[in-house]
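See below for the structure under consideration.
Both counts, for ligands and for their atoms, begin at 1 and track the order of listing. Nothing here was measured: the structure is a model prediction, and the numbers come from that model.
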Amino acid sequence: MNALSARPWLSASRQLCLAMGLLHCTLPAFAAEEAVLNLYSARHYATDEALYENFTRATGIKINRVDADDAGILARLKAEGAASPADVILLVDAARLWKGEIEDLFAPVQSEVLLKAVPEQWRAKLRPEGTRWFGLSTRARLIVYDKQKIKAEEVDSYEKLAEPRHAGRLCTRSGSHPYNLSLFGAMVEHLGAPATEVWLKGLVANMARAPKGGDTDQIKGVASGECGIALANSYYLARLYRSDSAQDKAIVERIGVVFPNQSSWGTHVNIAGGAVARHAKHPENALKFLSYLVSERAQLYFADGNNEWPVVKGLTINNPALKAMGGASFKSEKLPASVIGMNQIKVQQMLDRVGFR
Ligand code: FE
């Protein structure tokens, strides 16, 4: 029995104080929602500040933000249970959103606005009680290569990264990072599990160094000549393309970028998305915030501010870096984001077997 159900005679706010382990605290009654939103966010992008400020300006709702990575947020929600102050959760990976759903950390949402704005591919399964998470923006997992050593056609598919001719060339962040786990989970759908494991073994055999750092570190590794090929999310590349620094310009000069698998199933695309917390204390504000994030203004801001693509169809984006990289019109895979999550455990076991750290 938890602290909340153990003392039904106490007021809801008093119960919450006790559940949080605070003997002397007072919380306002929940009858009328305060103009506050408690946001747990894994979006690690400085350009998002303006997005949040615009919401507060338009609605008067103040945002209190807790920043952590996807896994940290899910662990925190679990530990806090019913006492969690979180109203909205923003994560940056389809598999982690799926995980939050199956661990019952998100509240089902009934919203025509969100259902209409977010295509079926990019949201949780619609159930009678509602939908538990919504994609808000998309990003592509791209291949970066050293133009001095390699031709684009040698690396124009994920499968080619495992070819023996690329021995000693591949650089990547950890195999267990959500961006890679989701790509590998998608590969299981495209190739089947046995062929995916053979492919992963090939990637390990081709590594230039043990996995370390983030996507930008891999891009820099290619530019320095230490790596021949790397995997990186599109927005990290676009950030470099838009940069005025001489160092970043030199990186862009040296590297080539491909949107893989254009002649087969399309480039792997992941989402950043949002959900209402299971125990949200300000559920109306939470819904207002998610609805704001699918508004035209916010959607275009994902594209202009953080170099992502909107999930809402039919918007004209005008981001020169995405255009320069070839991202104005590319073929993306059509897998439902929820399917990718279901392969996570299988993929992690494969990584352990092939020694992909
Ligand atoms: Fe990222």
Side-chain angles (χ1 to χ4, degrees), residues 39-52 65-76 88-100 122 133-144 158 171-186 211-223 227 230-243 248 251-252 255 257 259-260 267-275 293 298-299 301-311 317 319 321-322 325 327 332-333 337 340-341 344 347:
L39 173 65
Y40 284 16
S41 173
R43 289 185 58 87
H44 51 101
Y45 320 113
T47 48
D48 280 357
E49 296 296 337
L51 199 61
Y52 305 141
R65 200 172 82 231
V66 171
D67 293 305
D69 66 9
D70 286 345
I73 287 176
L74 294 179
R76 184 166 175 160
V88 166
I89 319 300
L90 295 180
L91 300 180
V92 292
D93 171 61
R96 294 300 164 112
L97 286 162
W98 176 82
K99 198 163 185 255
W122 303 131
W133 49 264
F134 297 87
L136 299 167
S137 59
T138 69
R139 54 276 295 284
R141 196 121 182 91
L142 305 180
I143 293 171
V144 182
Y158 299 111
C171 285
T172 171
R173 72 194 310 162
S174 162
S176 303
H177 187 275
Y179 298 160
N180 278 340
L181 282 179
S182 285
L183 166 64
F184 304 159
K212 63 169 183 181
D215 284 359
T216 302
D217 298 307
Q218 317 312 319
I219 301 168
K220 287 180 177 167
V222 173
C227 318
L231 283 164
N233 275 0
S234 43
Y235 56 91
Y236 293 112
L237 282 155
R239 212 180 278 169
L240 293 170
Y241 270 72
R242 283 172 79 163
S243 169
D248 291 343
I251 292 172
V252 169
I255 62 171
V257 176
F259 283 71
T267 298
H268 169 64
V269 170
N270 204 336
I271 52 172
L293 291 179
Q299 285 286 297
Y301 193 79
F302 283 126
D304 295 335
N306 193 44
N307 308 301
E308 296 175 87
W309 289 277
V311 287
I317 62 166
N319 180 320
L322 291 179
M325 284 161 46
S332 64
E333 70 185 354
I340 293 167
Q344 296 296 285
V347 168

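- Of the options Arg139, Arg242, Arg239, a side chain to side chain donor-acceptor pair (under 3.5 Å) to Asn307 is made by Arg242 and by none of the others.
- Tyr158 places a side-chain heavy atom less than 4.5 Å from the side chain of Thr267.
- Here 4 is the count of protein N, O or S atoms positioned under 2.8 Å from the Fe ion (ligand 1), waters not counted.
- Considering only residues two or more places apart in sequence or on other chains, Tyr179 meets the ring pair (Phe, Tyr, Trp, His ring centres under 6.0 Å) condition with His177.
- The side-chain hydrogen bond (donor to acceptor under 3.5 Å, both in side chains) check on Ser174 picks up nothing, with sequence neighbours excluded.
- In this view, Tyr45 and Tyr235 satisfy the ring pair (Phe, Tyr, Trp, His ring centres under 6.0 Å) rule, not counting sequence neighbours.
- A cation-pi arrangement, defined by a distance under 6.0 Å to the six-membered ring centre and an angle within 45 degrees of its axis, is absent between Arg65 and Tyr40.
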